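Whatever order the structure lists them in is the order used to number ligands and atoms, beginning at 1. In this text the structure is predicted, and so the values were computed from the model without any measurement.
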Amino acid sequence: MAKLTIGLTGGISSGKTTITKLFTQHDIDIVDADIIAREIVVPNTYAYNEIVNKFGNVILEKDGYLNRAKLRQLIFQDPQLKKWLEILTHPIIIDTIKQRIQQAASPYCILVAPLLLETNNQYLVNRLLVIDCDRELQIERTMQRDNCSLQQAENIISQQLKNSQRLAHADDIIVNNSDLANLEKQVNKLHLAYLQLVPK
Ligand code: ATP
C-alpha cells in the first residue's frame, strides 16, 4: 500500500492527463476517479442494474452499455434524479478508490479526480496538487482537442470551479502555461519532493 496519496485536480484541459503520464514515467501508480466512475456502471454491476431498473432500456446503447450522454442529459434537467444517481454511485466509487489506493505499490500514489473538491472528498488524500492554467489557454486547448466552439468551451469552464477557488486548497501547484518540457521539470521536482515526504 502506498503510504502517501496525492490528489491531482484541475479544470477542463488544465493538463491532468498529460501530467499523470509524466508521473507514470516515474513508475508512480495512478488511481483515476473518472475511469472508476465508468467501471462501476458496466453491464451487470449493481449500479448498472439499478439504473436500468429506473430508466428502462431507453438508457442503453445497442451493445448493452449505458448511454452516458443520455444519462447526463436526463439528470441535468432533473436535480432529484441527479441526487438519486449520486446516492447510488458515489459510495461505490469512493469504496473502489479506497481499494485501489490500498493496492497501490509505488512509494506514493496519485488520485486523479477532477471533482475532488466539488464532491468534498479531500479527506481521501494526504496532499492536494492543483493544476493552474490560464483560462484562455484552457479554452484554446479544449477547442483544439475536442474540436468544439469557443462558446462551448466557455460554457464548460464557467460551470466549473474557478481556478482561484481550487488554488485556495492547494498544497502544491503546477502551472501549465508553458510547453511540455517546462511541465516535465515541474513534475520531476515534485516527484523528488513527494519521495521525501513518504513516511519511513
Ligand atoms: P480534461 O479535463 O478534459 O480531462 P485534462 O485536464 O486531462 O483535460 P489534458 O488532456 O492533459 O487535460 O490536456 C488538454 C489538451 O491540451 C491536450 O490536447 C494536451 O495535449 C494539451 N496540453 C496540455 N498541456 C500542454 C502543454 N503544456 N503544452 C501544449 N499542449 C498541452
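When Met143, Lys21, Gln160, Arg145 are ranked by how near their heavy atoms come to atom 4 (O) of ligand 1, first place goes to Arg145.
Close approach of ligand 1 to Gly11 is summarised as follows: ligand atoms under 4.0 Å from at least one heavy atom of the residue are 2 (O), 6 (O). Shown in contact with Asp179 at under 4.0 Å from a heavy atom are these atoms of ligand 1, numbered in order with element: 27 (N).
Between Glu86 and Lys82 there is a salt bridge, since a side-chain N of the basic residue sits under 4.0 Å from a carboxylate O of the acidic one. The pair Glu136-Arg141 does not count as a salt bridge, with every side-chain nitrogen at least 4.0 angstrom from each carboxylate oxygen.
Asp172 and Tyr194 are linked by a side-chain donor-acceptor pair at a separation below 3.5 angstrom, with hydrogens and angles left out of the test. Looking only at atom types and distance, the side chain of His26 has a donor-acceptor partner in the side chain of Asn188 under 3.5 Å away. Of the N and O atoms on the side chains of Gln186 and Asn176, not one donor lies less than 3.5 Å from an acceptor on the other residue.
Between the Asn121 side chain and the Leu116 main chain, no donor and acceptor come within less than 3.5 Å of each other. The backbone N or O of Ile59 lies less than 3.5 Å from no partner atom in the side chain of Asn67, so there is not a single donor-acceptor pair.
Closest to atom 12 (O) of ligand 1, if we only count protein heavy atoms, is Gly15 N, 3.2 Å. Arg141 NH2, 3.3 Å is the protein heavy atom nearest to atom 26 (C) of ligand 1. Protein heavy atom at the shortest distance from atom 13 (O) of ligand 1 is Thr18 OG1, 3.8 Å. Shortest contact from atom 27 (N) of ligand 1 to any protein heavy atom: Asn176 OD1, 2.7 Å. For atom 5 (P) of ligand 1, the nearest non-hydrogen atom of the protein is Lys16 N, 3.4 Å. Among all protein heavy atoms, the one lying closest to atom 7 (O) of ligand 1 is Thr17 OG1, 2.6 Å.
Surrounding CG of Asn53 are more than 12 heavy atoms belonging to other residues, nucleotides or ligands, all under 6.0 Å away.
Taking a 4.0 Å cut-off on heavy atoms, Ser14 registers as neighbouring ligand 1. Residue-ligand proximity: Ser178 is placed with a non-hydrogen atom under 4.0 Å from ligand 1.
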